[in-house]
Number of protein chains: 2
Amino acid sequence: MKRNTWQRDAVRAALDTQLGFVSAQNLHSSLRTTGSHIGLATVYRALSDLASEGEADSLQSPEGESLYRACSSGHHHHLICRSCGLAVEVEADDVEVWAKKVASLHGFSQAEHVVDVFGYCSSCVPAVKESA
Amino acid sequence: MKRNTWQRDAVRAALDTQLGFVSAQNLHSSLRTTGSHIGLATVYRALSDLASEGEADSLQSPEGESLYRACSSGHHHHLICRSCGLAVEVEADDVEVWAKKVASLHGFSQAEHVVDVFGYCSSCVPAVKESA
DNA sequence: ATCGCTTTTGACAATCATTATCAATAAGCC
DNA sequence: GGCTTATTGATAATGATTGTCAAAAGCGAT
């Protein structure tokens, strides 16, 4: 049976306070900073659980870390700021349709897709010339 | 100055023989199997170089490994078989448009996107019931 | 073809995120 | 209050990737 522990609640709560995606390591640090004595492995477990229960979204950063974020339920995608980590949930009906079409066109089944847009949010526009 | 070494060529060649995405580790094994004495670190370096020169595509597997594949130049996305690794390059004009629109709508600049579809190709359809 | 300067290699150590281990602890149920 | 068992947490283990650095090539000039 699944039990309710304060650790699990703490992780959920900590995740809620975050505006963007966080790594398990970072979330653990945050929790420690706020005085919690929660263990690192527990944070990993809690995040992993939350993600599989649909209470959190997870994605891989370009560096290969797993990042998590509290999310509204349902299928959606993200627009993520490379600088501050701010994440905006976006609808992508067009993309859903496209993904299904492409998959079936090539005989693929059980298609899932990874769709995320990375950029700099209006507060973080870096002082970089238009070079690319 | 950048030098031409047989190692670099070997990695390029090995990558060309692959139908789908491979990890650096796997590619290294393959090379060893074919008799090459190339070092692991060198394979990592070569792949990383190829990727930044645009001669290879790279993406993160759901497990967090970096996967590489020789690719045609230009921007495109992939339809990847979870079982055999087969990767099909697909156009995604609709998605390009959508990504730009969403980014500008939220004030994001320098937007890049990650769009990949994972599924099972027709040869790999697993004997799994429609449970999800 | 050789010399010399530099880049590249490769074996191995180091790093870093994540997972496994397992005894101690604490939930939920009686 | 106890009992049973899931959960915790400190730490070890794992596994991919990167750093290190002496030895081994590349490439241009001679």
Side-chain angles (χ1 to χ4, degrees), chain A residues 1-15 18 20-53 55-69 80 82 85 114 116, chain B residues 1-15 18 20-53 55-69 80 82 85 114 116:
Chain A
M1 177 207 311
K2 171 148 290 188
R3 293 178 183 174
N4 266 343
T5 63
W6 62 264
Q7 285 95 336
R8 214 147 321 229
D9 289 338
V11 169
R12 217 190 317 258
L15 206 56
Q18 300 285 332
F21 281 83
V22 254
S23 65
Q25 303 273 354
N26 277 342
L27 199 63
H28 179 243
S29 301
S30 296
L31 283 162
R32 285 305 186 82
T33 301
T34 64
S36 174
H37 282 197
I38 195 170
L40 177 58
T42 304
V43 174
Y44 272 98
R45 280 185 290 241
L47 285 175
S48 164
D49 286 353
L50 287 176
S52 50
E53 288 163 14
E55 289 198 66
D57 262 328
S58 69
L59 60 82
Q60 302 272 333
S61 77
E63 291 75 33
E65 256 184 313
S66 286
L67 303 181
Y68 297 87
R69 191 199 165 193
I80 303 146
R82 260 193 284 265
V114 177
D116 289 296
Chain B
M1 175 207 311
K2 170 149 289 188
R3 294 179 183 175
N4 267 343
T5 63
W6 62 265
Q7 285 94 336
R8 199 101 41 180
D9 288 337
V11 169
R12 217 191 316 258
L15 206 57
Q18 300 285 334
F21 281 83
V22 254
S23 65
Q25 304 271 354
N26 277 342
L27 200 63
H28 179 242
S29 302
S30 296
L31 283 162
R32 284 307 186 81
T33 302
T34 64
S36 174
H37 283 197
I38 195 170
L40 176 58
T42 304
V43 174
Y44 271 99
R45 282 184 289 239
L47 285 174
S48 164
D49 286 353
L50 287 176
S52 48
E53 290 163 14
E55 289 198 64
D57 262 327
S58 69
L59 61 82
Q60 303 271 335
S61 78
E63 290 75 35
E65 256 184 313
S66 286
L67 303 181
Y68 296 88
R69 192 200 164 191
I80 302 147
R82 260 194 285 265
V114 176
D116 289 296

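A, B, ... follow the sequence lines: proteins, then strands. Residue 1 opens every chain. Remember, predicted model here, so these are calculated numbers, not experimental data.
- Between the NE2 atom of A:H28 and the C1' atom of C:dC16 there is a distance of 15 Å, given to the nearest Å.
- The shortest side-chain heavy-atom distance between A:Q18 and A:N26 does not fall under the 4.5 Å cut-off.
- Annotation: side chain of A:Q25 is in contact with side chain of A:L40 (closest heavy-atom distance under 4.5 Å).
- A sub-4.0 Å separation between OP1 or OP2 of D:dT18 and a side-chain N or O of B:Y44 is absent.
- The distance between atom CH2 of B:W6 and atom P of D:dG26, rounded to the nearest whole Å, is 10 Å.
- Residue B:Y68 contributes atom OH, which lies 7 Å from atom P of D:dT17 at whole-angstrom precision.
- The base of C:dG10 sits within donor-acceptor range of the side chain of B:R45, with an N or O pair under 3.5 Å.
- Salt-bridge annotation for B:K2 and B:E53: present, with a side-chain N of the basic residue lying under 4.0 Å from a carboxylate O of the acidic one.
- Put simply, the side chain of B:R3 and the base of C:dT8 share no donor and acceptor less than 3.5 Å apart.
- The distance between atom CD of B:Q7 and atom P of C:dA11, rounded to the nearest whole Å, is 11 Å.
- Listed candidates were C:dG28, D:dA16, C:dT18. Nearest to the side chain of B:Q25 is D:dA16.
- In this structure, the CG atom of B:L67 is 15 Å from the C1' atom of D:dG15, given to the nearest Å.
- Of the residues near DNA chain C, B:A41 and B:K2, the one whose nearest nucleotide (by heavy atom distance) lies more toward the 5' end is B:K2.
- Set against C:dT18, D:dC27, D:dA16, the side chain of B:N4 has D:dC27 as its closest nucleotide.
- The shortest side-chain heavy-atom distance between A:H28 and A:L31 does not fall under the 4.5 Å cut-off.
- Residues A:V114 and A:L59 are not in side-chain contact: their nearest non-hydrogen atoms beyond the backbone lie 4.5 Å or more apart.
- Remark: the A:R8 side chain and the D:dT7 base include no donor-acceptor N/O pair separated by less than 3.5 Å.
- Between A:T5 and D:dT8, a side-chain N or O to OP1/OP2 separation shorter than 4.0 Å is present.
- Listed nucleotides C:dG28, D:dG9, C:dT18 differ in distance to A:M1; the shortest reach to its side chain belongs to C:dG28.
- For D:dT8, the OP1/OP2 oxygens have no side-chain nitrogen or oxygen of A:T42 closer than 4.0 Å.
- Straight-line distance from the CG atom of A:D9 to the P atom of C:dA27: 11 Å, rounded to whole Å.
- For the pair B:L40 CG and C:dA11 P, the interatomic distance rounds to 10 Å; values are reported in whole Å.
- Looking at heavy-atom distances under 4.0 Å, B:S23 makes no contact with the nucleic acid at all.
- Per the geometry, CG belonging to B:L27 stands 12 Å off P belonging to D:dT17, to the nearest Å.
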